[in-house]
Amino acid sequence: MAAHLPEERLRKLEALRAAGVDPYPKRFPARGETRNWIGPLRDGYVEGAEVPAVVCGRVTAYRDHGKSIFFDVKDETGKVQVYVQQDKVGEAVFTRIRNTFDLNDHVGVRGTFAKTRRGELTVFATGVEMLAKSMTPPPDKWHGLQDKELRSRRRHVDLNANDEVMAQFRMRSRIVAEMRKFLDQRGFVEVETPVLHHIAGGAAARPFLTHHNALDLDLSLRIALELHLKRLLVGGMEKVFEIGRVFRNEGIDTRHNPEFTMIELYWAYADYEDVMDLWEQLLVHLAMTARGTTKLTWGGTAIDLSAPFRRVRYEDLLKQHAGVDLDDEPAVRAKCAAVGIDTKDKSHHKAANDLFEMFCERTLIQPTFVIDYPRGITTLAKWKDFGGDRAERFELFVNGLEIANAFSEMNDPIAQRQILEKQVLEKDPENPAAVDEDFLEALEYGMPPAGGVGMGVDRLVMMLSDSDSIRDVVLFPLLRPHAGGADAPQDGAPVEKV
RNA sequence: GAGGGCAUAGCUCAGUCGGUAGAGCAGCUGCCUUUUAAGCAGCGGGUCGUGGGUUCGAGUCCCGCUGCCCUCACCA
């Protein structure tokens, strides 16, 4: 049971208990007593002052000087040195600290906050107590935790050992909070829609499958938020958004985690140009609040997020970088053949989009709205001109990466049904998947004209925090279980089919 | 899915031409009442990811497996 724990720590744990000290007491400081957070305490220091202080946190360094001990205590706001002198705390407490305290323990300290002779802000302790005994030593105090696999697997250690990791995830939290604030101020209502879907629609990714036992019902985890949110437009919510996790059963790399966070927003009686303006303002706001500037660096490339962003038509980019006319199908196919793209089973527009991905995306370094996508690769957007070959759609690219995707939403129920039914037939003619009848029925009831947008929050955070891997902005990215680890499959453990 | 790389003490890393395992930090013992990568003296700590193979001898060479990283593929 505890066989894997270091002997010295178990010994110290028992020593505390033998001395009548609970190594895991309930609260600190006592109810009614005020705790000082370390950051604010330091910031409030007045030169020459000696003030009472009560701090608690994790022991991150320990320097034993015989009849005195220095140790560092770190809470979420900062770190401070504690100085314990035997004649100030008494021999019993002093010896207990010496014999039973380790790096990583949580401790509580009461004392006087002042400076040492060397000028270090210090709590001169009058009392020190154990708040939670740690059974595990911290990683190397100088190098921290470097191993990338361990940093993802044991994020709790990473957060403690690497301050920049903590700052990174606090920034993520801030970005999402500012997103909510920005949209709330503009009258958008945040909602929560189901994660368990009968048919995973709204995107073309492979879903995760699961099962409801009591209803004996196969379900999918959602791959997008889109269809439920549009049903809310039908229901009369005119400005609505959701920030939520979606799940796609596909490959994992530096830009993809199987579960990731999307924001989708729908705005009745607006179109994709309104959404473009809104999103531009949102991104500027997020850059300013998260970084204090719109001039960023991402992967060594300078990115200027100041508005207005460049707006360019899809077909113009295709002409410029691939040298083909989007409407000239033979030319599109010939170009594909020339660069080794097999177009046998591909539609005209899918083939064109392969060219777009190959030649155009990489050129879109500064924030760029690519507008007016080919109809054939766009199923949920309105026609630019009814029945025509362009959709009212934009995607936002930064540094060659797709950040957001938006439409003037298709609200013609008959046209939408035709497009979806054709799509499922093309995907698997033998076994066409069902279309989402609940969604189509809602459209039939009447959806107002609307603009909508979806954005990957993780990629946004990558951009704003200069991260080159999604694993650096997701607290616990999916990893395989490793042998002997806590996350390894246990023999005989019940396995839920997911 | 394909190709390449990595895996040595709790952590960060050395390990030569194949010759029987090293350092720093962390830990333990002792000394030290203003140190701060504290210092000084001493001590303990390893299934070298895993399973085979070659060899008198493998951390080192070869093959399989596992995990991670990178590139590509997949990805409305």
Side-chain angles (χ1 to χ4, degrees), chain A residues 4-9 11-12 60-72 79-89 94 98-99 102-104 114-122 124-125 134-154 157-158 160-162 201-207 223-224 226 248-258 260 347 349-350 353-354 356-357 373-381 391 393 395 402 405-407 419-420 423 426-427 454 456 468-469 471 477 479-485 487-488:
Chain A
H4 63 289
L5 298 176
E7 244 174 76
E8 319 85 57
R9 298 220 173 200
R11 191 167 47 71
K12 290 171 180 176
T60 59
Y62 188 90
R63 299 177 287 280
D64 188 339
H65 286 250
K67 296 290 185 294
S68 72
I69 298 168
F70 292 90
F71 59 83
D72 294 347
K79 191 187 322 190
V80 72
Q81 170 171 275
V82 173
Y83 185 43
V84 189
Q85 296 162 97
Q86 181 173 302
D87 53 12
K88 296 284 167 46
V89 298
F94 190 81
R98 200 165 203 206
N99 291 340
D102 281 306
L103 294 180
N104 253 359
K115 264 188 186 172
T116 61
R117 274 181 225 151
R118 294 281 182 92
E120 179 75 22
L121 289 172
T122 299
F124 293 78
S134 167
M135 288 292 110
T136 314
D140 189 286
K141 72 176 170 188
W142 190 245
H143 301 95
L145 189 67
Q146 299 294 334
D147 185 287
K148 280 188 164 191
E149 179 181 353
L150 285 182
R151 290 178 56 186
S152 293
R153 270 189 210 286
R154 306 177 63 200
V157 179
D158 190 29
N160 271 299
N162 299 314
R206 284 166 59 195
I223 57 174
E226 180 142 357
R248 296 186 179 180
N249 204 343
E250 280 156 6
I252 297 175
D253 60 33
T254 51
R255 279 143 290 173
H256 300 263
N257 194 55
F260 63 102
S347 68
H349 284 168
K350 179 73 181 84
N353 200 49
D354 285 353
F356 184 86
E357 285 174 6
Y373 271 63
R375 179 75 250 173
I377 56 166
T378 310
T379 57
L380 295 163
R393 170 182 182 183
E395 288 197 4
E402 179 197 335
N405 183 21
F407 322 125
I419 292 166
L420 290 180
Q423 182 195 25
E426 277 170 358
K427 189 136 196 169
D468 48 21
S469 171
R471 285 183 291 270
L479 297 172
R480 287 190 153 89
H482 70 304
D487 43 7

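Numbers restart at 1 for each chain; the letters A, B, ... are given by sequence-line order, proteins then strands.
- To the nearest angstrom, C1' of B:U35 lies 14 Å from NZ of A:K79.
- The P atoms of B:U12 and B:C17 are separated by 26 Å, rounded to the nearest whole Å.
- Of the charged side-chain nitrogens involved, none lies within less than 4.0 Å of a carboxylate oxygen, so that A:R11 and A:E7 do not count as a salt-bridged pair.
- A:R248 contributes a side-chain N or O that, together with a main-chain N or O of A:I223, makes up a donor-acceptor pair within less than 3.5 Å.
- Positionally, the nearest nucleotide of RNA chain B for A:Q81 lies more toward the 5' end than for the other of A:S469 and A:Q81.
- When the C1' atom is compared between B:U71 and B:A26, the two are found 37 Å apart, to the nearest whole Å.
- Closest to the side chain of A:S68, from the set B:G67, B:U12, B:U33, is B:U33.
- No engagement by A:I69 is indicated, since no non-hydrogen atom pair under 4.0 Å with the nucleic acid exists.
- A:L145 places its CG atom 13 Å from the C1' atom of B:C68, with the value rounded to the nearest Å.
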Exercise. Treat primed atoms plus P, OP1 and OP2 as sugar-phosphate and everything else as base, then score nucleotides 71-76 of chain B 5' to 3': B for base contact with protein heavy atoms under 4.0 Å, S for sugar-phosphate contact only, - for none.
Key: S--BBB
Self-check item: RNA chain B base-pair string [pairs: Watson-Crick or G-U under 3.5 Å; |: paired with another strand]
Solution: (((((((..((((.....[..)))).(((((.......))))).....(((((..]....))))))))))))....
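- The interatomic distance linking A:F124 (CZ) with B:U36 (P) rounds to 15 Å, in whole Å.
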Exercise. For each nucleotide in nucleotides 22-31 of chain B, reading 5' to 3', give B when a protein heavy atom comes within less than 4.0 Å of its base, S when such contact involves only the sugar-phosphate, and - otherwise.
Key: --BBSSS---
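- Nearest heavy atoms, A:R151 versus A:D158: NE-OD1, 2.9 Å.
- Residue A:R154 is classed as having no contact, given no heavy-atom separation below 4.0 Å to the nucleic acid.
- A:N353 places no side-chain N or O within 3.5 Å of a backbone atom of A:F356 that could act as its donor or acceptor partner.
- For the residue pair A:N405/A:R393, the side-chain donor-acceptor check at 3.5 Å is satisfied.
- Here the shortest heavy-atom pairing between A:A125 and A:V82 reads CB-CG1, 4.0 Å.
- Computed from coordinates, the A:K115 NZ to B:U35 P distance equals 15 Å when rounded to whole Å.
- Comment: A:K350 engages A:D354 in a salt bridge, judged by a side-chain N to carboxylate O separation of less than 4.0 angstrom.
- Here the closest heavy-atom approach between residue A:G251 and residue A:H256 is recorded as O-CB, 3.6 Å.
- Only the P atoms considered, B:G5 is 11 Å distant from B:C63, to the nearest whole Å.
- Taking atom CG on A:D72 and atom P on B:U36, their separation rounds to 12 Å, with Å as the unit.
- Residue-to-nucleotide contacts include a donor-acceptor pair under 3.5 Å from the side chain of A:R63 to the base of B:U35.
- Here the closest non-hydrogen pair linking A:Y62 and A:R98 is OH-CA, 3.5 Å.
- Looking at A:T122, its side chain never comes within 3.5 Å of a backbone N or O of A:F124 through a donor-acceptor pair.
- Summarising the geometry, the separation between CD on A:E149 and P on B:C68 is reported as 6 Å, rounded to the nearest angstrom.
- Comparing B:C28 with B:G44, their P atoms are spaced 16 Å from each other, to the whole Å.
- If you check distances only, the side chain of A:E120 never reaches the base of B:U34 with a donor-acceptor pair under 3.5 Å.
- Using atom P as the reference point in both B:C72 and B:U36, the two lie 48 Å apart (nearest Å).
- Among the nucleotides B:U34, B:U12, B:C32, the one closest to any side-chain atom of A:D147 is B:U12.
- The side chain of A:Q146 sits closest to B:U12 out of B:U12, B:C69, B:U33.
- Taking atom P on both nucleotides, B:U33 is separated from B:G45 by 32 Å, rounded to a whole Å.
- In this structure, A:D72 contributes its side chain and A:A61 its backbone to no donor-acceptor pair below 3.5 Å.
- Counted within 6.0 Å of CZ on A:R63, heavy atoms from surrounding residues, nucleotides or ligands total more than 12; the atom is thus considered enclosed.
- B:U66 and B:G49 have their C1' atoms separated by 8 Å, with the value rounded to a whole Å.
- Residue A:T116 places a side-chain atom within donor-acceptor reach of the base of B:U35, judged by atom type and a 3.5 Å distance cut-off alone.
- One P atom belongs to B:C43, the other to B:A38, and the distance between them is 23 Å to the nearest Å.
- Checking side-chain atoms of A:R375 against main-chain N and O of A:T378 turns up a donor-acceptor pair under 3.5 Å.
- If you take CZ of A:F71 and P of B:U34, they are 17 Å apart, rounded to a whole angstrom.
- Of the side-chain N and O atoms in A:R118, none sit less than 4.0 angstrom from OP1 or OP2 of B:U34.
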